[in-house]
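Following: one structure in structure tokens, then a few remarks.
All values below were derived from every heavy atom in this structure, side-chain atoms included, with hydrogens, water molecules and symmetry-related copies excluded. Each residue takes its place number in the sequence, starting with 1.
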Amino acid sequence: MSSGEQQPLPPQPRPLIKPKFTEKQATELVRRIFGLEVSQLRPLPSYDDQNFHVAAASFPGKGESPEDFVLKIINAEDSQNSDLVEVQTQIMMFLNGEGFPAPMPHLTQDGKVMSLETVDTGFCTQKFMVRLLSYLPGKTVATLPVTPPVLYDIGQMAAKLDKTLAEKFQHPLIKSLHRGEFIWNLSNVPLLKKYLYALGKSEYLDAVKQVIEQFQVNVIPKLSLFRPCINHGDFNDHNILVDVVSASPPNPQYRISGILDFSDMSYGYYVFEVAIAIMYMMIESKEPLLVGGHILAGFESVVPLTPEERATLFLLVCGRYAQSLVVAAHTSLLYPENEEYLMITAKTGWKHLMMLVEMGQETVEHIWFQTAESYRK
């Protein structure tokens, strides 16, 4: 490049879409839209949306006891797609009816599952979809030791969820889950190229480029061979709650008590769901290389993968690492005040991705598949 040429500029960041309601405003939303008095309210961590834990003082005039909820104010971008939010909410209700521990919406005062609120930010007008969801009990997997039985249960739950939706769920708005260039769909790993600027001159840049290139060559052409389904899309250690069944040391037992955050749902493939779960559960594990086998065993107890799907599992896990790490770097430039939450995965994620890349597909798959096979003996 000659001295007279200019370096290409990074893509312009998208408009700020994360809601920024104050606690006072959130309390007023609960009162006005849902008819509930708030006794306590505190912010919950979130990515693009804004969440609050709400303790309702009472249900005025109904004689019902106090209850806890999650007030979810959906980001301005997704709030433009009411069909998408509607079908996501209907899926939560359907899964709850099928026995899955999914949140249920508390209806608005006019009997709807959500309300679209228009807010004057001072320099523009934005619209945000608002829902009030039941607060589920339990602790996040991120706060507990990740044991093989828990990993197996997570894999099994992910497969049961996808299979149930594929076989039973029908809705007029279901086509809205075909989300095109949705950055969190694993099909769209190649779209990360436009966000690579956020890594600057990071030592990890070459590894990410390598993952994207291999993904384009070895995964994209094979998508037509995979079995399609609706993916939850974010089976991570902060979105899965567990309750203690037995606290007896040294091996306490847990059961899954909650599945949170259905905002990344989209049409994908069974193998996507297991890859996403493997990647996120590696984050909190003291033995990250063994995680894949336990989750795969649980998943395949319900939905055995085909040889073609198994052959891409390694690259799909690496692709999800690349998505999480690159998008987090990009988003933290937009919302530096939320950097601590946005970069949770990065604390160990880069180390894990580099480990996978350096060990290579054959070695890692051998560990995963051998661990999964041990469950069948």
Side-chain angles (χ1 to χ4, degrees), residues 13-60 66-89 92 102-136 140 183-184 234 236 238-239 241 258 260-265 327-328 330-344:
R14 60 183 176 171
L16 297 181
I17 63 170
K18 187 178 175 71
K20 292 189 176 181
F21 284 69
T22 65
E23 293 185 19
K24 182 179 179 181
Q25 289 173 319
T27 298
E28 174 56 29
L29 284 179
V30 175
R31 180 184 298 113
R32 177 170 54 83
I33 299 172
F34 301 99
L36 301 178
E37 293 299 325
V38 175
S39 61
Q40 286 185 316
L41 181 142
R42 63 179 176 85
L44 294 171
S46 60
Y47 209 98
D48 278 342
D49 300 333
Q50 189 178 20
N51 301 328
F52 293 92
H53 179 188
V54 176
S58 63
F59 298 85
E67 193 171 340
D68 284 4
F69 300 94
V70 172
L71 176 67
K72 192 169 189 69
I73 306 170
I74 298 170
N75 67 78
E77 188 174 286
D78 287 347
S79 290
Q80 296 177 33
N81 191 344
S82 60
D83 286 356
L84 175 65
V85 181
E86 173 75 27
V87 79
Q88 288 170 346
T89 309
M92 290 160 54
M104 286 288 285
H106 183 82
L107 299 182
T108 65
Q109 295 202 75
D110 55 358
K112 297 178 181 178
V113 297
M114 57 191 183
S115 175
L116 186 62
E117 296 296 306
T118 302
V119 179
D120 186 352
T121 64
F123 58 91
C124 70
T125 299
Q126 288 186 301
K127 294 185 177 181
F128 298 103
M129 201 72 74
V130 177
R131 291 181 301 185
L132 193 66
L133 305 176
S134 55
Y135 185 86
L136 300 180
T140 63
I183 192 61
W184 291 112
D234 201 10
N236 73 48
H238 292 270
N239 284 342
L241 303 176
L260 308 179
D261 196 354
F262 287 74
S263 60
D264 283 354
M265 296 201 84
V327 174
H330 164 72
T331 309
S332 66
L333 295 178
L334 300 181
Y335 307 107
E337 73 281 2
N338 199 29
E339 183 176 8
E340 182 178 357
Y341 178 77
L342 293 170
M343 301 302 283
I344 285 175

Return the [atom1] to [atom2] distance between [X] and [Y], rounded to the nearest 0.5 Å.
X	Y	atom1	atom2	result
Lys24	Leu41	NZ	CG	13.5 Å
Leu241	Leu260	CG	CG	4.5 Å
Leu132	Phe34	CG	CZ	5.0 Å
Thr89	Met104	OG1	CE	10.5 Å

Evaluation steps, side-chain contact (heavy atoms from CB on, under 4.5 Å), between Leu29 and Ile73: CA-CA 10 Å; Leu29 284 179; Ile73 306 170; 4.0 Å; yes

Are the side chains of [X] and [Y] in touch, meaning some heavy atoms are under 4.5 Å apart?
X	Y	value
Thr108	Val130	no
Val30	Leu71	yes
Val113	Leu107	yes
Met114	Gln88	no
Val54	Leu36	no
Arg31	Val38	no

Using every non-hydrogen atom in the two residues, find where [X] and [Y] come nearest and quote the distance to one decimal.
X	Y	result
Ser46	Asn51	CB-ND2, 3.5 Å
Gln126	Ala76	NE2-CB, 3.8 Å
Pro103	Ser134	CA-OG, 3.4 Å
Pro19	Asp48	CD-O, 3.3 Å
Phe128	Ile17	CE2-O, 3.7 Å

Is the count of non-hydrogen atoms from other residues, nucleotides or ligands lying under 6.0 Å from Glu23 atom CD greater than 12? yes

Derivation of the side-chain contact (heavy atoms from CB on, under 4.5 Å) call for Ile33 and Glu117: CA-CA 10 Å; Ile33 299 172; Glu117 296 296 306; 3.4 Å; yes

State yes or no: are the ring centers of Phe52 and Phe21 separated by less than 6.0 Å? no

Donor-acceptor pair, side chain of [X] and main chain of [Y], under 3.5 angstrom:
X	Y	result
Glu67	Ala56	no
Ser79	Ile74	yes
Ser39	Ala55	yes

Taking it one step at a time, do Asn236 and Asp234 satisfy side chain to side chain donor-acceptor pair (under 3.5 Å)? CA-CA 5 Å; Asn236 73 48; Asp234 201 10; 2.8 Å; yes

When Lys18, Lys20, Lys72, Arg131 are each screened for salt bridge (charged side-chain N to carboxylate O under 4.0 Å, His left out) with Asp49, the one that passes is Lys72

Should the ring pair His53 and Tyr135 be called parallel, tilted or perpendicular, given that the plane angle runs from 0 to 90° and is split at 30 and 60? parallel

